[in-house]
Amino acid sequence: MTDRQNTAALMRAPRARLTVERMPMPEPAADEVIVRVRAVAVNPVDWVIQGTGAVTYRWLPAPAVLGSDVAGEVIAVGSQVTRFHVGDRVVGLATGTDKGRDSRHEGAFQHYTALLERLTAPIPDAISDAQAAVLPLGVSTAACALFQPQHLGLAVHDPVEPRTARGVVVIWGGSTSVGMNAIQLARAAGYDVVGTASPRNADLVCSLGADVVADHGSSTAVDDLVAGIGGRPVLGAVAFGETSAAPCIEVLRRTGGSVLVMASTPVSLADLAGRRRLFPAMVPVFTRLGLRMVALMLRARRAGIRAGFVWGTSLRDDGLGDRVWGGLLPQWLADGTVRPSPEPLVTGHGLEAMQDALDRQRAGVSAQKVVVTL
Ligand SMILES: NC(=O)c1ccc[n+]([C@@H]2O[C@H](COP(=O)([O-])OP(=O)(O)OC[C@H]3O[C@@H](n4cnc5c(N)ncnc54)[C@H](OP(=O)(O)O)[C@@H]3O)[C@@H](O)[C@H]2O)c1
């Protein structure tokens, strides 16, 4: 690897814009592969960290390499790696911005990065790098919400088992990037799914496996979902989007469901992340956020609902990562049960395009994932 040079889109200091700089080449630990990155996707958390990390990601040292979603080619493998070889096309979840990890070793927005073998899957030939790059954080967060015992704790059923009425999973925000993955994973695991989307995305969300799609912008969305569920047992709800937890509690209350998984803060951090200074604007934002969270938890508890916040990279440490990335996802991608969703929106090529890509994601997308090819 000595003839190769690494370059990253680096966040030099909290709130600094990304700049392209030379970086050391990462060396693989025993359970890691080193990947020449060919495509990365942008998640809301990337601009949240850039804009508010001094408060929300206090553990993350700068300079930092942001980014979770990597597709590329293996150029080196650690001594204990068994599933991959040099030259394999792979997609994987980089978790370098988590507490105790090293973002410069395991961050997506650079030419070469490390990935844990247990959070990496082969890319089938029919899927391009840009298509594959949309998967990692979306699939991982959806899997944590659906399969971790502290959340919905769903079992994965063999597809040949008869599809009896196992129950319904509610995905509020079914047209978000993570929501589209949650619908597909819940269906693949053998459950009925109902969800929400804007009318323009309703057919798309149906095509992923939801049998009822309500308009999350409509005042009748809760009624429409409850009617669509039609008395089937409800296993729980997953809420994507700042305003989604409260209507999910209402759906669960009216259908007898008892588990809510929240993926989003109940107040958007988009405006705060875009400001030149965090202080004093952060004070009312975080006060509102704290108060809304307490109010939601109380409302859920009063309705007999267990509510929790999902952390999409937590499958790294509990065995679920290996189960999903080492088994279920490769199988479901290969046989077409899961198709990479949403569609990639390639906004640029090269690390110089990364900052614009973060700004583009923060401005808002609809059933698309911002991707940069490298
Ligand atoms: N906790 C974690 O570990 C974790 C991990 C990943 C993401 N997240 C969070 O999960 C959320 C989704 O992330 P993402 O990357 O999937 O977002 P995204 O794709 O950027 O979300 C955009 C989508 O939001 C939908 N939307 C608009 N209004 C909505 C509403 N009232 N209710 C529900 N959805 C609405 C839009 O669908 P339409 O155009 O159809 O309206 C649009 O497609 C974000 O809040 C993100 O921060 C959390």
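Whatever order the structure lists ligands and atoms in, that order sets their numbers, starting from 1. Throughout, residue positions are numbered sequentially from 1 according to the sequence presented.
Atoms of ligand 1 lying under 4.0 Å from any heavy atom of S175, numbered from 1 in the order shown and given with element: 37 (O), 38 (P), 40 (O), 43 (O). Listed by atom number, the atoms of ligand 1 under 4.0 Å from S244 heavy atoms are 32 (N), 33 (C). Atoms of ligand 1 lying under 4.0 Å from at least one heavy atom of N201, given by number and element, are 38 (P), 39 (O), 40 (O).
No side-chain donor-acceptor contact under 3.5 Å links D46 and Q361. The closest side-chain donor-acceptor pair between T95 and R316 falls under 3.5 angstrom.
Here's the thing with N43: none of its N/O atoms is less than 3.5 angstrom from an N/O atom of ligand 1. At under 3.5 Å, not a single nitrogen or oxygen of F309, backbone or side chain, sits near a nitrogen or oxygen of ligand 1. Below 3.5 Å of separation, one finds an N or O of A263 facing an N or O of ligand 1. For ligand 1, the polar-atom distance check finds an N/O of S264 within less than 3.5 Å of one of the ligand's N/O atoms. Below 3.5 Å of separation, one finds an N or O of R200 facing an N or O of ligand 1. Between G173 and ligand 1, a contact under 3.5 Å exists for no N or O pair. Checked by distance only, ligand 1 and Q368 stay at 3.5 Å or farther apart across all their nitrogen or oxygen atoms. At least one N/O-N/O distance between V310 and ligand 1 falls below 3.5 Å. At a 3.5 angstrom cut-off on N or O pairs, S366 counts as close to ligand 1. Of the polar atoms of G179, none of the N or O atoms is found under 3.5 Å from an N or O of ligand 1, judged by distance alone.
Going from atom OG of S268 over to atom CG of L289 covers 10.0 Å, rounded to the nearest 0.5 Å. To the nearest 0.5 Å, atom CG of residue L10 and atom CZ of residue R104 are 8.0 Å apart.
The nearest non-hydrogen atom to atom 42 (C) of ligand 1, considering only V365, V134, T141, T176, comes from V365. Across S177, A142, S68, heavy-atom proximity to atom 19 (O) of ligand 1 is greatest for S177.
Side-chain atoms of D88 and H85, non-hydrogen and from C-beta on, do get closer than 4.5 Å to each other. A heavy-atom distance below 4.5 Å is found between the side chains of N201 and S366. Side-chain contact between P344 and K369 is absent, with no heavy-atom pair separated by less than 4.5 Å.
Using a 4.0 Å heavy-atom cutoff, V45 is absent from the residues neighbouring ligand 1. Distances shorter than 4.0 angstrom occur between a heavy atom of Q361 and an atom of ligand 1.
Considering only non-hydrogen protein atoms, atom 41 (O) of ligand 1 sits nearest to S198 OG, 2.4 Å. Considering only non-hydrogen protein atoms, atom 27 (C) of ligand 1 sits nearest to H216 NE2, 3.9 Å.
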Given the rule in the side-chain contact (heavy atoms from CB on, under 4.5 Å) test, do L66 and M354 qualify, once you have shown the distances and angles that lead to the verdict? CA-CA 10 Å; L66 305 180; M354 281 316 314; over 6 Å; no
For the pair Q50 and Q355, evaluate side-chain hydrogen bond (donor to acceptor under 3.5 Å, both in side chains) and give the outcome as yes or no after the intermediate values. CA-CA 10 Å; Q50 182 175 40; Q355 184 60 60; 2.8 Å; yes
